[in-house]
Amino acid sequence: MLFDLHPKERREELFGRDEEVEYAVKQVLSGNWLIVGGQREIGKTSLVKVVLNELRKNGLKGVYVNLRGVKGLNGLLNALLSQLNSMKVSISFKLNFVVGSAGIELRKGAKPVSSLTELLDSLEGFVIALDEIQELSSASRQLLEVLGNVFSTNPRVSFIFTGSHFGVIKTLLEPPSSSPLHGRPPATLTLKPFDEETSREFLRRGMEELNVEFEREGEVIRELDGVVGWLTLFGNLYAVRGLSFETALKETINQGKEIMAEEFSHFLEGRVNKALYAEIMEALKIMSRWKDIKRAVELSLGNVDDKTFSEALHKLVNAGFVEEREGVYVIADPVLRRVEFRRLTKGSRANTSADPV
């Protein structure tokens with residue numbers, strides 16, 4: 001059902017992404033690793049799960065790991081082991097693992113880099129999808145060391161990475177000359193919002209599945225654009241749960257605002273200049289040029305160093321909250337534009353010093 005809120009897993013459940021699925025499958029079968037990018041609620045997880053299912057038809061074993069909340073290589077290792085044990089994978093190990101009652105277990109005192117390397121080198125015919133790869137940005141150097149080793153020694157394992165284009169994922173896209181992946185960048189696939197015609201067809205097909213007459217697609221698209229996550233949520237609230245049009249649209253926006261506020265709060269974790277990011281986002285609701293955005297921010301915070309301001313704006317772009325279009329900056333997601341960013345930093349003192357990546 002198109003308006004099911006769970007991520008899609010089968011090809012026939014996924015709407016409007018046939019070309020993207022074909023491209024992703026072709027890349028993996030050709031031996032390339034793949035990065036799937038795009039703004040939040042654009043359908044990255046659904047696409048990756050469908051691609052894994054298609055690759056299984058080609059004899060490969062697909063493993064999906066959601067890295068949300070996972071910190072460091074130990075977290076990745078445990079999450080990967082959990083998935084492999086749920087698949088009842090049988091592998092021979094030498095150094096860092098034992099087979100216990102719960103399946104594959106890490107030996108006491110084993111180091112994460114050597115353990116991950118051994119585990120990945122032991123797999124054959126696997127495609128591993130790491131969703132929200134930016135969660136491992138703090139361990140990017142070690143992760144690249146592991147991935148570079150696996151790329152060189154075990155062509156029987158492929159990776160699909162998804163997430164926002166910052167931190168680890170940017171390093172994967174543009175590895176420095178010192179990186180083990182230099183000269184071996186993954187292929188990239190960036191998901192875009194549906195255009196108006198595709199959005200209309202998505203809503204029409206979803207309503208038809210549920211035998212619901214509907215002729216107000218244009219009003220929905222004006223509010224939600226072509227972001228498939230928001231269109232799906234509206235369809236579920238209206239056609240599945242039976243809310244009125246006005247209530248369903250209002251509730252979609254309200255629930256979406258909560259989701260995006262949580263995403264932005266997660267982005268702010270550990271940053272010293274939270275108020276600066278919030279003020280930039282507020283300014284972007286009415287301004288679009290660098291100098292105008294900066295002027296609006298300084299009206300609230302006082303003088304901000306050009307370099308510090310540019311770095312913060314750049315990080316918002318890399319995190320997928322802001323798009324840069326030929327020198328014009330916009331909040332692309334229509335629901336994100338409705339978030340009250342200052343409320344997310346209430347109680348935080350203004351700090352306009354530079355943040356770490």
Side-chain angles (χ1 to χ4, degrees), residues 35 37-40 71-72 132-144 163-179 182 188 190 257 259-357:
I35 291 172
Q39 70 187 72
R40 289 152 182 81
K71 303 299 181 186
E132 303 288 356
I133 187 66
Q134 71 274 356
E135 294 289 304
L136 297 179
S137 59
S138 63
S140 59
R141 184 185 61 80
Q142 291 178 308
L143 178 62
L144 285 171
S164 304
H165 283 231
F166 76 106
V168 174
I169 209 164
K170 190 179 181 203
T171 306
L172 290 170
L173 278 169
E174 302 172 356
S177 58
S178 59
S179 168
H182 183 68
T188 60
T190 301
K257 283 168 59 180
I259 292 170
M260 297 310 290
E262 181 182 348
E263 289 285 346
F264 194 76
S265 295
H266 186 60
F267 165 79
L268 291 176
E269 289 176 5
R271 299 187 183 275
V272 298
N273 53 3
K274 294 179 175 62
L276 175 58
Y277 292 102
E279 290 299 332
I280 290 175
M281 294 298 285
E282 289 292 344
L284 281 163
K285 293 177 180 179
I286 52 176
M287 308 292 183
S288 59
R289 296 286 182 181
W290 188 96
K291 65 177 182 179
D292 297 325
I293 302 165
K294 185 172 185 287
R295 185 180 300 117
V297 168
E298 290 182 326
L299 286 175
S300 294
L301 299 181
N303 185 60
V304 181
D305 177 77
D306 283 357
K307 181 180 179 182
T308 299
F309 173 81
S310 291
E311 287 178 351
L313 183 57
H314 183 64
K315 285 168 186 172
L316 288 167
V317 172
N318 282 342
F321 294 114
V322 177
E323 286 188 11
E324 180 185 1
R325 303 168 181 171
E326 299 181 353
V328 173
Y329 296 89
V330 296
I331 302 174
D333 190 295
V335 173
L336 180 63
R337 286 196 292 268
R338 296 172 178 265
V339 171
E340 297 176 41
F341 297 100
R342 292 190 185 101
R343 291 183 60 185
L344 303 181
T345 60
K346 193 173 182 180
S348 297
R349 297 179 62 185
N351 187 323
T352 55
S353 60
D355 261 322
V357 174

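For Arg141, there are no side-chain hydrogen bond (donor to acceptor under 3.5 Å, both in side chains) partners at least two apart in sequence or on another chain. Scored by the side-chain contact (heavy atoms from CB on, under 4.5 Å) test, His182 finds Ser177 as partners (sequence neighbours excluded). With sequence neighbours left out, the salt bridge (Lys or Arg N to Asp or Glu O under 4.0 Å) criterion links Arg337 to no other residue. With sequence neighbours excluded, the residues satisfying side-chain contact (heavy atoms from CB on, under 4.5 Å) with Arg325 are Glu323, Val330, Ala332. Remark: Phe309 pairs with Trp290 by the ring pair (Phe, Tyr, Trp, His ring centres under 6.0 Å) rule, at least two apart or across chains. For Glu132, there are no salt bridge (Lys or Arg N to Asp or Glu O under 4.0 Å) partners at least two apart in sequence or on another chain. For Lys257, there are no salt bridge (Lys or Arg N to Asp or Glu O under 4.0 Å) partners two or more places apart in sequence or in a different chain. For the side-chain contact (heavy atoms from CB on, under 4.5 Å) test, residues two or more places apart in sequence or in another chain that qualify with Ser265 are Leu344. Qualifying side-chain hydrogen bond (donor to acceptor under 3.5 Å, both in side chains) partners for Ser300, counting only residues two or more places apart in sequence or in other chains: Glu279. Residues passing the side-chain contact (heavy atoms from CB on, under 4.5 Å) test with Leu316, sequence neighbours excluded: Phe264, Phe267, Tyr277, Ile280, Met281, Phe321, Val322. Annotation: salt bridge (Lys or Arg N to Asp or Glu O under 4.0 Å) contacts of Glu298 (sequence neighbours excluded): Lys294. Taking Arg295 as the reference, Asp292 meet the side-chain hydrogen bond (donor to acceptor under 3.5 Å, both in side chains) condition, with sequence neighbours excluded.
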Stepwise side-chain contact (heavy atoms from CB on, under 4.5 Å) check, Met287 with Glu282: CA-CA 9 Å; Met287 308 292 183; Glu282 289 292 344; over 6 Å; no
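You'll find the side chain of Ile35 stays beyond 4.5 Å of the side chain of Thr190, heavy atoms only.
What you find for His266 and Lys71 is that their closest heavy atoms are CE1-NZ, 4.2 Å. Smallest separation of non-hydrogen atoms from Ala296 and Ala283: CB-CB, 3.8 Å. Closest approach of Val335 and Met260 over heavy atoms only: CG1-CG, 4.3 Å. Taking each heavy atom of Leu336 and Phe341 in turn, the nearest pair found is O-CZ, 3.4 Å. Closest of all the heavy-atom pairs between Leu276 and Ala312 is CD2-CB, 3.8 Å.
In this structure, OG1 in Thr308 is found 12.5 Å from CG in Leu313, a value given to the nearest 0.5 Å. Atom CG of Asp306 and atom CD of Glu311 lie 11.0 Å apart (nearest 0.5 Å).
Side-chain atoms of Ser137 come within 3.5 Å of backbone atoms of Gln134 as a donor-acceptor pair (strictly under, hydrogens ignored).
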